[in-house]
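Scroll down for the structure; my scribbles are underneath it.
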Amino acid sequence: MESSAARERILAAVRAIPPGQVAGYGEVARRAGLPGRARLVARILSANEDPALPWHRVLRSDGRIALEPGSDGWREQAQRLRAEGVEVVEGRVRPAPRAPGDGLDALLWGPGEGPAGPAGGGTPRRKP
């Protein structure tokens, strides 16, 4: 049985997923401070009765809808995701193309710089 605090942290993590974006069950658990508790996230979402909760933004770690393919819930989740501009093909979400400056390299090295730094040399910028 999950604690009320854990449930609320999971629901807050789900509510924090912006429209048009998705997260895996494990990622939601990690964001809620409960690493390794992906099944708890799934259990809490399966018992959800709040129609405003954006449950449809939570997927399996491989980008697939976790519900039975072709079921009413599966179709509803795919429809909600598509309404937010998320590409869903055969129950799997296609990641949106990244804009220049997005991604791990940009976070570590700065926009427009690769692992070698600016102009092929130098050291990475330090983040505060």
Side-chain angles (χ1 to χ4, degrees):
M1 186 112 153
E2 71 275 353
S3 74
S4 169
R7 181 181 181 283
E8 289 307 314
R9 291 192 333 226
I10 288 169
L11 294 177
V14 171
R15 287 184 188 103
I17 303 168
Q21 295 186 25
V22 296
Y25 290 95
E27 185 178 349
V28 169
R30 185 181 48 75
R31 289 179 183 180
L34 302 162
R37 303 297 310 268
R39 289 182 184 206
L40 177 60
V41 172
R43 187 167 56 243
I44 287 171
L45 291 181
S46 70
N48 173 55
E49 294 183 3
D50 178 4
L53 184 74
W55 60 269
H56 60 282
R57 298 178 189 148
V58 183
L59 304 167
R60 293 170 40 138
S61 62
D62 63 0
R64 288 187 298 155
I65 293 173
L67 300 168
E68 181 69 31
S71 67
D72 290 343
W74 186 92
R75 285 192 294 275
E76 181 179 354
Q77 187 169 9
Q79 177 193 17
R80 286 180 177 216
L81 289 168
R82 287 182 183 122
E84 292 183 354
V86 176
E87 185 180 357
V88 181
V89 178
E90 296 179 5
R92 183 180 298 249
V93 167
R94 301 287 175 123
R98 291 188 179 260
D102 280 355
L104 186 57
D105 282 344
L107 289 172
L108 292 174
W109 306 99
E113 300 175 10
T123 58
R125 295 185 325 176
R126 294 189 178 223
K127 299 291 182 182

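- Taking every heavy atom of both residues into account, A23 and R31 meet most closely at CB-NH1, 4.2 Å.
- Using a 4.5 Å heavy-atom cutoff, the side chains of L81 and L59 are in contact.
- Residue P54 comes nearest to R15 through the heavy atom pair CG-CA, 4.0 Å, listed as atom of the first residue, atom of the second, then distance.
- Between R80 and E84, no side-chain nitrogen of the basic residue sits less than 4.0 Å from a carboxylate oxygen of the acidic one, so the salt-bridge criterion is not met.
- What you find for W74 and E68 is that their closest heavy atoms are CB-O, 3.2 Å.
- Summarising the geometry of S3 relative to A6, their closest heavy-atom pair is OG-N, 3.0 Å, with the distance given to 0.1 Å.
- Between V58 and the choices V22, I65, L53, I17, the side-chain contact (heavy atoms from CB on, under 4.5 Å) rule is met once, by I17.
- In this structure, the separation between CG on L34 and CG on L40 is 6.5 Å, given to the nearest 0.5 Å.
- Shortest non-hydrogen contact noted between V86 and G20 is CG2-O, 3.4 Å.
- In E76, the CD atom is crowded: over 12 heavy atoms of neighbouring residues, nucleotides or ligands sit closer than 6.0 Å.
- No side-chain heavy atom of V89 sits under 4.5 Å from any side-chain heavy atom of R92.
- Annotation for R82 and V88: closest pair NH2-O, 2.9 Å, computed over non-hydrogen atoms.
- Of the inter-residue distances, the one linking R43 atom CZ with R7 atom CZ reads 12.0 Å to the nearest 0.5 angstrom.
- With contacts defined as side-chain heavy-atom distances shorter than 4.5 Å, the pair V14/R57 does not qualify.
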